[in-house]
Asks: 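This structure is in structure tokens; I'll ask about it shortly.
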Amino acid sequence: MAHQTHAYHMVDPSPWPLTGATAALLLTSGLAMWFHYNSTTLMALGLLTTLMTMMQWWRDIVRESTFQGHHTMPVQKGLRYGMILFITSEVFFFIGFFWAFYHSSLAPTPELGGNWPPTGIHPLNPFEVPLLNTAVLLASGVTITWAHHSLMAANRNQSIQALTITVTLGLYFTALQAMEYYEAPFTIADGVYGSTFFVATGFHGLHVIIGSTFLIVCLLRLIKFHFTTAHHFGFEAAAWYGHFVDVVWLFLYISIYWWG
Amino acid sequence: MLRNLLALRQISQRTISTASRRQVKNRVPEMQKIFQEDNGIPVHLKGGVIDGLLYRTTMALTVFGTCYAVYELIVAAMPKKVK
């Protein structure tokens, strides 16, 4: 038989799973070297190889789909399941940090002064920059939906404009949050308040950066005509991820900034 | 005054829309031709010479990194003798 008689994608042999796994090894052992031996070489190598693996692996997926046409309907369905399952796993990741926060804040120990926020901690005013950040992320949810509908309606200029605004809002959030981190009157070392605050919001911020990067790649692909009105799963996946990041922020805002 | 304003609006709209059309050409059909060529090259190398360079660099860094990690592990497992 010269050609396949099924709709699934039998991928070409690829080195990226191997380099990716090795990169993870270098990252983890690099962390150990940094923590215990004050050396960052291994970790830097790990970061570099991780980045290179990601870029080439995802570049290959774009080639396989947009240029080679391997992403048939069943393949796309599998990718949708995959993205949904991945986001679900990330939800559970965050649930852990919310668990930690509520564990410490619902029954504050005597060492904290028996109250929450602990004695001596001056929390950030939730109605200042955090409220702006909430508005920024909610707005990005609106603009990405606008971009999606424009894309489906074959309105190129509007879809590019809307996605650009979405990316800008994501970067704006990151900049505002970085400034808040710098100006905050407490640090990660300030007891369990500092730990729960910076670990939860920190991981969230990392996910905003990841989401923004994903959206920037989508913007570039959109400009380069990769998406069609009916087939643009990469864009949809980025949109789902963006909405997920937004929802996590809303929970963070309500629990840690407002109630906490 | 109003006519000038309207004219300005028309010119800027036309400039912006034609600028975006002029700037980026649709290269997808070209790329489709390159990547669908029946030459047996796997997708991670099919884009050209740069693919090979990137691949070799990534692999070199990975192999070197693994050796270095194992070396550091061995060093860390043998405590230095304190005199």
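To find a chain, count down the sequence lines: A is the first, B the second, and so on, and within it residues start at 1.
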Asks: Side chains of R156(A) and V24(B): does their closest heavy-atom pair fall under 4.5 Å?
Replies: yes
Asks: Any side-chain heavy-atom pair from R63(A) and H44(B) closer than 4.5 angstrom?
Replies: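 They are not in side-chain contact.
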Asks: Around N38(A), counting heavy atoms of other residues, nucleotides and ligands shown, do more than 12 lie under 6.0 Å from its CG?
Replies: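 No - once you tally the heavy atoms of other residues, nucleotides and ligands closer than 6.0 Å, there are 12 at most.
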Asks: Among A23(A), P15(A), G69(A), single out the residue with the greatest number of heavy-atom pairs under 4.5 Å to chain B.
Replies: P15(A)
Asks: Using heavy-atom distances under 4.5 Å, tell me whether T66(A) contacts chain B through its side chain, its backbone, both, or neither.
Replies: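 Answer is both: backbone and side chain atoms of T66(A) are under 4.5 Å from chain B.
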Asks: Count the heavy atoms of every other residue, nucleotide or ligand shown that sit under 6.0 Å from CH2 of W34(A), and state whether that count exceeds 12.
Replies: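 Not more than 12 within 6.0 Å, no.
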Asks: Carefully, step by step, assess L73(B) and M33(A) under the rule side chain to side chain contact (heavy atoms under 4.5 Å, CB included).
Replies: CA-CA 9 Å; L73(B) 185 62; M33(A) 288 302 294; over 6 Å; no
Asks: Measuring from atom OG1 of T62(B) to atom CG of L18(A), what distance do you get when rounded to the nearest 0.5 angstrom?
Replies: 7.0 Å
Asks: Against chain B, label M55(A) side chain, backbone, both or neither, depending on which of its atoms sit under 4.5 Å from a heavy atom there.
Replies: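 Neither the backbone nor the side chain of M55(A) comes within 4.5 Å of chain B.
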Asks: With a 4.5 angstrom heavy-atom cut-off, is it the side chain or the backbone of Q56(A) that approaches chain B, or both, or neither?
Replies: side chain
Asks: At a 4.5 Å cut-off on heavy atoms, which part of I160(A) comes close to chain B: side chain, backbone, both, or neither?
Replies: neither
Asks: Is the CD1 atom of I50(B) crowded by more than 12 outside heavy atoms at less than 6.0 Å?
Replies: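 Open.
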Asks: Which region of I223(A), side chain (C-beta onward) or backbone (N, CA, C, O), has a non-hydrogen atom less than 4.5 Å from a non-hydrogen atom of chain B, or is it both or neither?
Replies: both
Asks: What part of K46(B) gets closer than 4.5 Å to chain A, counting heavy atoms only: side chain, backbone, both or neither?
Replies: both
Asks: Could you state the interatomic distance from CZ (F67(A)) to CD (Q32(B)), rounded to the nearest 0.5 Å?
Replies: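 One gets 7.5 Å once the value is rounded to the nearest 0.5 Å.
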Asks: Mind checking whether Y55(B) and W16(A) have parallel, tilted or perpendicular rings, split at 30° and 60°?
Replies: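 The rings of Y55(B) and W16(A) stand perpendicular, inter-plane angle above 60°.
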Asks: Could you have a look at D51(B), L45(B), T57(B) and say which one has the most heavy-atom pairs with chain A under 4.5 angstrom?
Replies: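 The answer is D51(B).
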Asks: State whether the side chain of D12(A) and the backbone N or O of V43(B) hold a donor-acceptor pair below 3.5 Å, judged by distance alone.
Replies: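 Yes, D12(A) side chain to V43(B) backbone: donor-acceptor pair under 3.5 Å.
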Asks: How far does CE of M59(B) sit from OG1 of T22(A), to the nearest 0.5 angstrom?
Replies: 7.5 Å
Asks: At a heavy-atom separation under 4.5 Å, does L45(A) approach chain B through its side chain, its backbone, both, or neither?
Replies: side chain
Asks: Check whether any side-chain heavy atom of K224(A) sits under 4.5 Å from a side-chain heavy atom of N26(B), and report yes or no.
Replies: no
Asks: Heavy atoms, side chains only, cut-off 4.5 Å: are H226(A) and V28(B) in contact?
Replies: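 Side-chain contact under 4.5 Å: yes.
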Asks: Anything in residues 63-72 of chain B with a heavy-atom distance to chain A below 4.5 Å? Please list those residues in order.
Replies: F64(B), G65(B), T66(B), Y68(B), A69(B), E72(B)
Asks: Is the side chain of Q68(A) donor-acceptor paired with the backbone N or O of F35(B) at a distance under 3.5 Å, no angle test?
Replies: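 Such a contact is found between Q68(A) side chain and F35(B) backbone.
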